[in-house]
Amino acid sequence: YTQAKSLVFSKFGEPSDVLHLHTHSISPTLPDGAVLLRALAVPVNPSDVNTIQGTYGVKPSFSPLLGTPEPSAIPGNEGCFEVVAVGPHVKTLRRGDWAIPATTGFGTFRTHAVAPDADRTVLPIHDTAGLTPAQVATVSVNPCSAYRMLRDYVDLIGQSVAAYSRDPSTPGGAWFLQNGANSGVGRAAIQLGALWGLRSINVVRERATPEATDALKAELTALGATVVLTEAEFLDRAFTTRLRDEFTRGGRDPLLLGLNCVGGKSASAVVKALSPKGVMVTYGGMSRQSFPFPTGPLIFKRLRFEGFWLSEWSKENPAEKKKTIEEIVELMRQGKFQAAPVQEVKWDWETDEKTLQEAVQGTLEGFRSGKGLFVF
Ligand code: NDP
């Protein structure tokens with residue numbers, strides 16, 4: 001029998017109140033199509049906390065199968081696992097492969113997992129050379145979301161090519177604008193955009209000192225950001241003039257895509273900056289503030305407002321999801337794509353419940369040096 005530990009919750013609430021560490025054993029006899037996985041690295045994303053709080057778009061079902069006193073669920077949507085045993089009918093995985101859950105909702109906050117129907121429920125990585133568990137653990141949510149949002153709403157790459165063929169003096173690719181640019185999604189969008197020849201305007205929150213703000217701007221610029229602004233600079237009246245004169249050649253280079261991670265005033269400023277027929281894609285609400293749909297711009301600029309939700313997109317497009325992940329993993333292997341910074345939390349047999357609870361609870365605090373990552 002394999003001894004395993006999982007973080008579980010039986011009711012919604014703050015992670016420090018409702019998360020518990022549950023110990024159980026896993027039978028050595030695997031169902032035919034299943035694999036036994038051992039966790040290597042598992043990140044804590046904002047949506048995991050929202051799921052535990054009960055405020056997320058999908059509620060987990062609490063199950064008696066885990067053997068907890070009350071029916072419970074395991075949070076966590078992504079991670080990097082190692083395949084340690086393979087059921088007799090499994091075709092796509094071998095012992096020693098790394099594996100990523102194919103869809104969200106897998107329940108990754110655990111040391112071990114039995115994945116039933118493994119050919120469909122997990123994606124294998126046979127050749128792990130050049131990859132780290134931390135990279136692989138964080139590829140399927142943030143980079144995948146950034147990739148789809150940059151590609152599925154406006155054909156920015158096509159726009160870049162068309163602009164260049166009309167006017168070879170065009171200085172660079174098509175623009176996009178994003179707030180929350182220091183988030184995992186934001187950093188991924190910066191890098192993918194740069195790899196695809198796009199230009200980006202990136203909005204971040206000011207740090208405690210001007211030096212720290214400059215250091216953050218320099219870091220994002222090194223990742224491939226064209227312009228990095230603080231929220232204050234973005235919300236300032238002068239931004240409209242800068243956008244027109246400094247960045248878009250008097251408005252000749254349109255701004256057709258805005259990615260909204262934050263909501264509130266920042267989202268309204270994204271709307272204001274968009275060119276006619278531009279699209280704002282909202283995927284997060286980190287400020288917990290809503291924003292008005294302004295009537296004038298909506299009509300006269302004929303704007304589009306879209307919402308992106310990776311979970312639903314993945315369910316509707318499983319093959320595309322797999323391809324997107326494989327493409328980004330390949331970029332990582334080639335050293336062309338850096339994972340977002342993480343704060344590692346060691347999870348071994350001795351780690352107590354409180355340490356793990358706190359690692360989850362701290363996720364929404366902001367101004368962090370990196371996303372929480374359980375390493376095993
Ligand atoms: P990270 O944990 O990597 O980063 C969180 C970011 O949010 C930080 O950059 C932080 O800024 C910023 N932030 C926190 N509080 C505020 C605030 N009050 N105002 C402005 N910014 C704030 O986040 P992820 O990249 O994992 O996720 C970012 C958002 O995207 C979340 O809302 C998440 O739920 C959502 N998301 C949605 C997906 C979807 O399918 N719709 C998929 C993936 C993510 P700072 O650096 O200044 O601390």
Side-chain angles (χ1 to χ4, degrees), residues 42-53 55-58 75-78 103-105 134 137-150 152-153 178-192 202-209 212-213 215-217 219-220 223 225 228-232 234-235 259-270 280-291 306-317 321 324-325 328 338-343 359-373:
V42 169
V44 183
N45 287 313
S47 58
D48 300 324
V49 180
N50 297 145
T51 303
I52 298 164
Q53 291 169 329
T55 57
Y56 201 57
V58 62
N77 289 302
E78 63 173 344
T103 53
T104 48
T138 50
V139 75
S140 61
V141 175
N142 288 340
C144 217
S145 298
Y147 186 116
R148 296 325 322 178
M149 290 192 287
L150 288 179
D152 295 347
Y153 296 91
Q178 61 168 346
N179 57 26
N182 186 40
S183 67
V185 175
R187 284 172 171 257
I190 289 172
Q191 296 181 77
L192 292 171
N202 299 279
V203 182
V204 296
R205 291 196 295 179
E206 212 146 302
R207 308 285 108 170
T209 63
T213 302
L216 176 60
K217 285 184 171 182
E219 206 182 321
L220 299 189
L223 281 181
V228 187
L229 302 172
T230 62
E231 283 198 343
F234 179 50
L235 297 176
L259 306 182
N260 173 31
C261 168
V262 172
K265 282 194 185 121
S266 180
S268 294
V270 172
M280 179 161 84
V281 182
T282 295
Y283 67 96
M286 291 306 299
S287 74
R288 299 203 192 101
Q289 304 288 317
S290 57
F291 57 93
E306 297 262 10
F308 174 80
W309 193 16
L310 180 74
S311 308
E312 284 302 302
W313 179 84
S314 311
K315 273 189 221 149
E316 288 166 4
N317 304 277
K321 168 96 185 276
T324 306
I325 290 176
I328 301 166
Q338 288 177 36
V342 292
Q343 282 178 1
V360 180
Q361 186 72 46
T363 298
L364 296 182
E365 276 162 17
F367 299 111
R368 287 156 56 97
S369 61
K371 190 182 278 287
L373 181 81

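A quick note: this is a predicted structure, and the numbers were derived from the prediction, not measured. When a ligand or atom number is given, it counts from 1 through the structure's own listing order.
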Quiz item: Hey, mind stepping through Asp48 and Val360 against side-chain contact (heavy atoms from CB on, under 4.5 Å) and telling me if it holds?
Solution: CA-CA 8 Å; Asp48 300 324; Val360 180; 5.6 Å; no
Exercise. Just jot down the ligand 1 atoms closer than 4.0 angstrom to any heavy atom of Val262, in number order.
Key: 19 (N), 20 (C), 21 (N)
Quiz item: So is Trp309 polar-close to ligand 1, meaning N/O to N/O under 3.5 Å?
Solution: no
Exercise. Among all protein heavy atoms, pick out the one at the shortest distance from atom 3 (O) of ligand 1; state its residue, atom name and that distance to 0.1 Å.
Key: Gly184 N, 2.8 Å
Quiz item: Taking distance alone, with no angle check, do Phe367 and ligand 1 share an N/O pair under 3.5 Å?
Solution: yes
Practice problem: Below 4.0 angstrom from a heavy atom of Gly284, which ligand 1 atoms are there? Numbered from 1 as shown, please. | Solution: 32 (O)
Practice problem: Decide whether the shortest distance between a heavy atom of Ala340 and an atom of ligand 1 is less than 4.0 Å. | Solution: no
Quiz item: Does Gln191 have any side chain to side chain donor-acceptor pair (under 3.5 Å) partners at least two apart in sequence or in another chain, and if so, which?
Solution: none
Quiz prompt | Between Thr282 and Asn260, a side-chain donor and acceptor under 3.5 Å | solution = yes
Exercise. State whether the shortest distance between N or O atoms of Phe308 and N or O atoms of ligand 1 falls below 3.5 angstrom.
Key: yes
Self-check item: Heteroatom proximity flag, Asn142 to ligand 1, N/O under 3.5 Å
Solution: yes
Quiz item: Do Arg187 and Asn182 have side-chain heavy atoms sitting under 4.5 Å apart?
Solution: yes
Quiz item: Would one find an N or O of Asn182, backbone or side chain, under 3.5 Å from an N or O of ligand 1?
Solution: yes
Practice problem: List in chain and number order the residues that pass side chain to side chain donor-acceptor pair (under 3.5 Å) with Asp152, two or more places apart in sequence or in another chain; answer none if no residue qualifies. | Solution: Arg148
Practice problem: Give yes or no for whether the N/O distance cutoff of 3.5 Å, strictly under, is met between Ser311 and ligand 1. | Solution: no
Quiz item: Side chains of Val185 and Phe308: does their closest heavy-atom pair fall under 4.5 Å?
Solution: no
Exercise. Identify, by atom number and element, the atoms of ligand 1 in contact range of Gly366, meaning under 4.0 Å from any of its heavy atoms.
Key: 48 (O)
Quiz item: Against heavy atoms of Lys371, which atoms of ligand 1 measure under 4.0 Å?
Solution: 1 (P), 2 (O), 3 (O), 23 (O), 24 (P), 26 (O)
Quiz prompt | Atoms of ligand 1 close to Asn45 [distance to a heavy atom under 4.0 angstrom, numbered from 1] | solution = 26 (O)
Self-check item: Backbone of Thr209 reached by a side-chain donor or acceptor of Thr213 within 3.5 Å
Solution: yes
Quiz item: What protein heavy atom sits nearest atom 40 (O) of ligand 1, and how far away is it?
Solution: Leu310 N, 2.6 Å
Quiz item: Going by the atom numbers of ligand 1, which of them fall below 4.0 Å from some non-hydrogen atom of Val141?
Solution: 43 (C)
Quiz item: Between Met286 and ligand 1, which residue portion shows a heavy-atom distance shorter than 4.0 Å: side chain, backbone, both, or neither?
Solution: both
Quiz item: Could you state the interatomic distance from CD (Glu206) to CZ (Phe367), rounded to the nearest 0.5 Å?
Solution: 9.0 Å
Exercise. Say whether Ser145, considering both its backbone and side-chain N or O atoms, lies within less than 3.5 Å of an N or O atom on ligand 1.
Key: no
Quiz item: Counting both backbone and side chain atoms, is some N or O of Cys261 under 3.5 Å from an N or O of ligand 1?
Solution: no
Quiz prompt | Distance-only N or O hit between ligand 1 and Val185, under 3.5 Å | solution = yes
Quiz item: What do you reckon, does Leu364 have a nitrogen or oxygen under 3.5 Å from a nitrogen or oxygen of ligand 1?
Solution: no
Self-check item: Per-atom contacts, ligand 1 versus Tyr283 - under 4.0 Å to a heavy atom
Solution: 30 (O), 35 (C), 36 (N), 37 (C), 38 (C), 39 (C), 41 (N)
Exercise. May I ask whether Arg207 places a heavy atom under 4.0 Å from ligand 1?
Key: yes
Practice problem: Give a yes/no verdict on whether any heavy atom in Val204 is under 4.0 Å from an atom of ligand 1. | Solution: no
